[in-house]
Every structure is written in C-alpha cells, then in structure tokens.
Number of protein chains: 2
Amino acid sequence: MPRLSKDQCLSDLKLRILSTALAPGSDLDETTLAEHYGMSRTPMREVLHRLAGAGFITTSENRGAKVASMDIGTMRTFFQTAPMIYANIASLAAEARTGPQLEALKDAQHAFTKATAAQDAQATALANHRFHAVIGEMAHNPYLVASLDRLLIDHTRLSQRFYRPANADEKMLIVKASDQHDALITAIEAHESALAIDLSLQHWDLSRDRMERYVRPDPLPVDVVSLKDRRNAV
Amino acid sequence: MPRLSKDQCLSDLKLRILSTALAPGSDLDETTLAEHYGMSRTPMREVLHRLAGAGFITTSENRGAKVASMDIGTMRTFFQTAPMIYANIASLAAEARTGPQLEALKDAQHAFTKATAAQDAQATALANHRFHAVIGEMAHNPYLVASLDRLLIDHTRLSQRFYRPANADEKMLIVKASDQHDALITAIEAHESALAIDLSLQHWDLSRDRMERYVRPDPLPVDVVSLKDRRNAV
DNA sequence: TGTATACTGATTGTATACATTTCCAACCCC
DNA sequence: GGGGTTGGAAATGTATACAATCAGTATACA
C-alpha cells in the first residue's frame, strides 16, 4: 500500500480498529506500519500519537502501541454511560441541527439500511458509527462529543457481533433499530428535543436486550446433555 | 530551561496553558519551544500532538499549533454541560472511590484553602483543577472523564478571573465554594452518591452566579454619568 | 535445578539534514 | 495607486542515521 497521505493513513487505521480487523489489545509495530503505508517512521509515529489521543490505541514508554483493549469491565461502564450521553447529544442535535447535517444523517441511515439488507455486519456497524457521529456534530458541544467519540469506538467494535443475526428474532431487532433511527431523524428534523431524548433511551434499551441475548444465550437443549450423561454411564 | 524530560515538558506546558500564562489562541512555535525545553524538534512535536489530542491546543496542517481558544460561544456551551458531567462523575465517585484517592482529594482541598487564604488566584484555580480531576479518577469511567478533562481545561482557565475577589461579597462566594468542597468530600467518603449529585449542582449554581456578576457587573453610579453630561452641556 | 547476570537482537526514542509549504514583502504591470 | 505576481525567508513536514532501552536467551554459579 504505497504513498498514502497522513490523513488517509489515520482514517484507514481508525477503520481497521473500528472494524476489529485490528483486534483489541493487539500490538502495533511502528516499522511495519510505516512500511505498510509507504512512509517513514516519523510521520507514522505522529499518526500513532493522534490515535492515542483519541483513545483508539494506548502507548507506553519504550514499549510501543497497542489497540485499546475491551474487557468485561469496560462493557459494564459502557452501558452505564452511553444512554445518558447519547440522549443529551440527541437533544442538543434537535435544537441546533443545520440542513446539510440533516442530509448527512439521512445519507448515513441510507447506508445503514443498505448494509443491513446485504447482511454485511461490518458495513452496518460502520454506517451506524457515522449515523451517531453526525448527530454528535449536530449537537455542537465539544465537551460531550469528547465523551461520545470514546463511546463510539467501543460501540462500533462491540456491535460487529450483534449485526450478524442468527435467527428471525434477532433480524427483527435490527429492523427495529433501523426504525428507531428513522424516528430519531424525524424528531431531530422537527426540533423535538424531548422526543429525541426518549427515542435515544429506547434505542439503548434495545441494544441492552440484544447484548443480554449475546452474553446469556438460550441454554442448550437439556436432553442432549442427559443423553450424553447416560451414554457415559453405560 | 535545559534538559527536561518529555513528561515534564508535557505537564509544564499543560500548566502554562491552564494558568493562561500561554493565552488562549496564541501561536506556538515548535523551534522556540524545543530550544526552551532543551530537546530537538522531533520529541517536541510529539508533545504537541499529545496536547492536541487532549484538547489543550489545536493544530492545522503546515500552519503550526495554537493554544485552544475560548470565545463567548464555548462559555455558553460550557455552563450548559458542566453541571451534568460533574454531577454524574461525583455520583460515580461516591460509589467507587478508594482510600488513597480520598486522601488525594483531601490533599487537593487543603491546597485549595491554602491558596485562597493567600489570595493566589492562579494557585487556587490549579488546586481546584486537581480537586475535580481526582474526583474524575474516582469515578473510574473513561468515557465521562474524556468529557470532564475537556471541561476542566476551560474551567481552570476561566476561573483564574473569579478567584481574584474584588470585594467582601466576592470573597464570601469563594468561602462558600470551599465549604461545598468539604461537603462533597464528606458525601464521597460516606458513599452518598445522591447527595454528591446535589452538592455538585449547588456548586455549579454558585459558579454561575459568580460568572454572571463578572459578565454583568454592577452598573456604574448613575449620577457620575449625568454629572459628565451636564458639564458637556455647559 | 533454580536464580542471577551478561550478552545480543530487536524495537523504540532522538537528533539532524533536507524537502516542502506558507507567509510576507517588494515589485511590476495595468 | 491598486491588484496580482514572484522571490525569499521562516516555518512545518519527512527521511534517515544513530543512541538508548527492552526482551529473550545463554551461561555461570550456588
């Protein structure tokens, strides 16, 4: 991959991290990356420091960089925090959104539905990222956006798994999420900030349901287990 | 200032920005700074990128770095956002604080009262910064802390002005703020998160009062103006 | 056999030379 | 005289050589 500009390199790395092509916790080697992007180590290090500042990676002295990790503890914190931040941002977005931003939001939602139809989990997650990032822009509040950006990193990485429906029931949940996006667009367009808050909270209730199904799946059929026990006993 | 380590350089620059020794919006020159800290441009640039990532400065391609600016618009956003973030963080801090963190908090508050007694506005603002940063650590929530850190940059820079009391009335407000700090420590120590929220909100009501006095000061005595008019008329 | 220590290869950190871009001012042309 | 152009100084961006640090291994010694 020769001669990408620094900005392209930055956004490519972000994409690879968000899509978990670069797994959480994995090591990043300056030299290898610099060769890969066709630049010397100096600008590559600069890119890495920016990623570190934005929370995509962590660095430690003389020990290089790692993709930011995601343990079970961060997931708990994540679901604790996300509803509040997203709801407040949606509320501000409904107040302050501009016309062009609204178009960008509709674009993102269009990409989202297209990706779900194609059953492309990665594209779905990235479109979802863009959708919520645009709402962040609308809110016009750098303090909250700092928090949102961190949340979106983990949001997108987590949701890779949930946008791969295993059955009709899970497929239904994704359709419901998409409907909520549409409703949110309408609320933001109409400057209805109270409604935007409500819809955001509903959106997160849904996410938590999906999440719980994943963490605590339907138990395996009992008779298979007992069958196995019986066979062992013979 | 020869041979400071990179970390020292980083925290020194943060301090100079927080204390407004480096004014908001002022230009930063790589070469000059590198000489000043006795290092070459390469590590200096690295420090600048970190500061940019943390929101202390802004950089633009081929155009160098500036200290993050503070206009009237950001102040509005600031007061809109700060109560919510600080209150939520205080609540989490009350739940999750550890013993050593509580000691650090008491230390910061000690420094705060000492600085107010000495009428040292800069030291007061920096001690206040540390006080709220420690509460952020206690909360153990990287998403909210991202937002808090941004808020604290502007909080500390703004408050330089308010910790310089012009009269007994304003002095009283600072004493009241200090009392609220003490109450907050007690609430956090006792794991009373609901109380911590309440105290945080009160703290911000006070700040807003102080702020309003600054933006909208007591009008000048009317008769002086009329006197001047009369004299002009003669 | 277990532990401490010295060596070695690999990786990160720094300095410096060089390339590129920007800014500003002098200049020319209309 | 005003506006656009062009030169050059000063700044930022990049590449590369070199220094410092770390991790892993082999070796010596108890």
Side-chain angles (χ1 to χ4, degrees), chain A residues 1-17 20-71 153, chain B residues 1-17 20-71 153:
Chain A
M1 191 182 284
R3 299 261 119 226
L4 278 178
S5 83
K6 234 174 5 179
D7 281 346
Q8 290 172 311
C9 166
L10 189 72
S11 49
D12 184 65
L13 275 172
K14 282 184 182 174
L15 229 59
R16 285 167 74 189
I17 292 172
T20 62
L22 292 172
S26 58
D27 286 309
L28 297 172
D29 177 49
E30 291 180 2
T31 313
T32 312
L33 283 173
E35 276 172 23
H36 182 263
Y37 288 109
M39 56 175 70
S40 76
R41 279 177 51 222
T42 309
M44 192 66 237
R45 281 168 67 85
E46 179 184 321
V47 169
L48 290 178
H49 285 124
R50 294 202 178 192
L51 288 172
F56 285 83
I57 66 177
T58 59
T59 59
S60 50
E61 194 94 352
N62 292 317
R63 211 81 55 79
K66 283 178 184 294
V67 177
S69 60
M70 264 198 318
D71 52 28
I153 294 171
Chain B
M1 192 180 282
R3 299 262 122 226
L4 278 178
S5 84
K6 233 173 7 178
D7 281 347
Q8 290 172 311
C9 166
L10 188 73
S11 49
D12 184 65
L13 275 172
K14 282 185 183 173
L15 229 60
R16 285 167 73 190
I17 292 172
T20 62
L22 293 171
S26 59
D27 284 311
L28 297 172
D29 176 48
E30 292 180 2
T31 313
T32 312
L33 283 174
E35 275 171 24
H36 182 264
Y37 288 110
M39 56 175 70
S40 76
R41 278 178 52 224
T42 310
M44 191 65 235
R45 281 169 65 86
E46 178 184 321
V47 168
L48 289 178
H49 285 124
R50 293 200 182 199
L51 288 172
F56 284 83
I57 66 178
T58 60
T59 60
S60 50
E61 194 92 351
N62 291 318
R63 210 83 52 83
K66 283 180 184 294
V67 178
S69 60
M70 262 196 320
D71 51 29
I153 294 172

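Every heavy atom of this structure was used, including side-chain atoms; hydrogens, water molecules and symmetry mates were not. Convention: sequence-line order gives letters A, B, ...; per-chain numbering from 1. Bear in mind the structure is a predicted one, so any value in this text is a computation, not a measurement.
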Let me know the distance between [atom1] of [X] and [atom2] of [N], rounded to the nearest Å.
X	N	atom1	atom2	result
B/Asp7	C/dT14	CG	P	10 Å
A/Tyr37	D/dT14	OH	P	16 Å
B/Glu61	D/dA11	CD	P	18 Å
B/Met39	C/dT16	CE	C1'	16 Å

- Task: Tell me which residues in residues 41-52 of chain B put a heavy atom below 4.0 Å from DNA chain C, sorted by number, or none.
- Result: B/Thr42, B/Pro43
- Message: Using a 3.5 Å distance criterion without hydrogens, assess whether the side chain of A/Thr32 forms a donor-acceptor pair with backbone atoms of A/Leu28.
- Response: no
Between [X] and [Y], which heavy-atom pair has the shortest distance, and what is it?
X	Y	value
B/Gly55	B/Ala68	O-CB, 3.6 Å
A/Pro24	A/Ser69	CB-CA, 4.1 Å
A/Thr59	A/Ala65	CG2-CB, 3.9 Å

- Counting only Watson-Crick or G-U wobble pairs whose two distances fall under 3.5 Å, which nucleotide matches C/dG2? D/dC29
Table please: side-chain donor-acceptor pairs of residues 38-54 of chain A below 3.5 Å, with sequence neighbours left out.
residue : atom : partner : partner atom : Å
A/Arg41 : NE   : A/Glu30 : OE1          : 3.0
A/Arg41 : NH2  : A/Glu30 : OE1          : 3.1
A/Arg45 : NH1  : A/Glu30 : OE2          : 2.6
A/Arg45 : NH2  : B/Glu46 : OE1          : 3.3
A/Glu46 : OE1  : A/Lys6  : NZ           : 3.3
A/Glu46 : OE1  : B/Arg45 : NH2          : 3.2
A/Glu46 : OE2  : A/Lys6  : NZ           : 2.8
A/Glu46 : OE2  : A/Arg50 : NH2          : 3.3
A/Glu46 : OE2  : B/His49 : NE2          : 3.3
A/His49 : ND1  : A/Arg45 : O            : 3.0
A/His49 : NE2  : B/Glu46 : OE2          : 3.3

Nearest to side-chain heavy atoms of [X], which nucleotide of [options]:
X	options	result
A/Glu30	C/dG13, D/dT12, D/dT14	C/dG13
B/Thr31	D/dT12, C/dT22, C/dA15	D/dT12
B/Asp29	D/dA11, D/dT16, C/dT14	D/dA11
A/Asn62	D/dT21, D/dT14, C/dT22	D/dT21

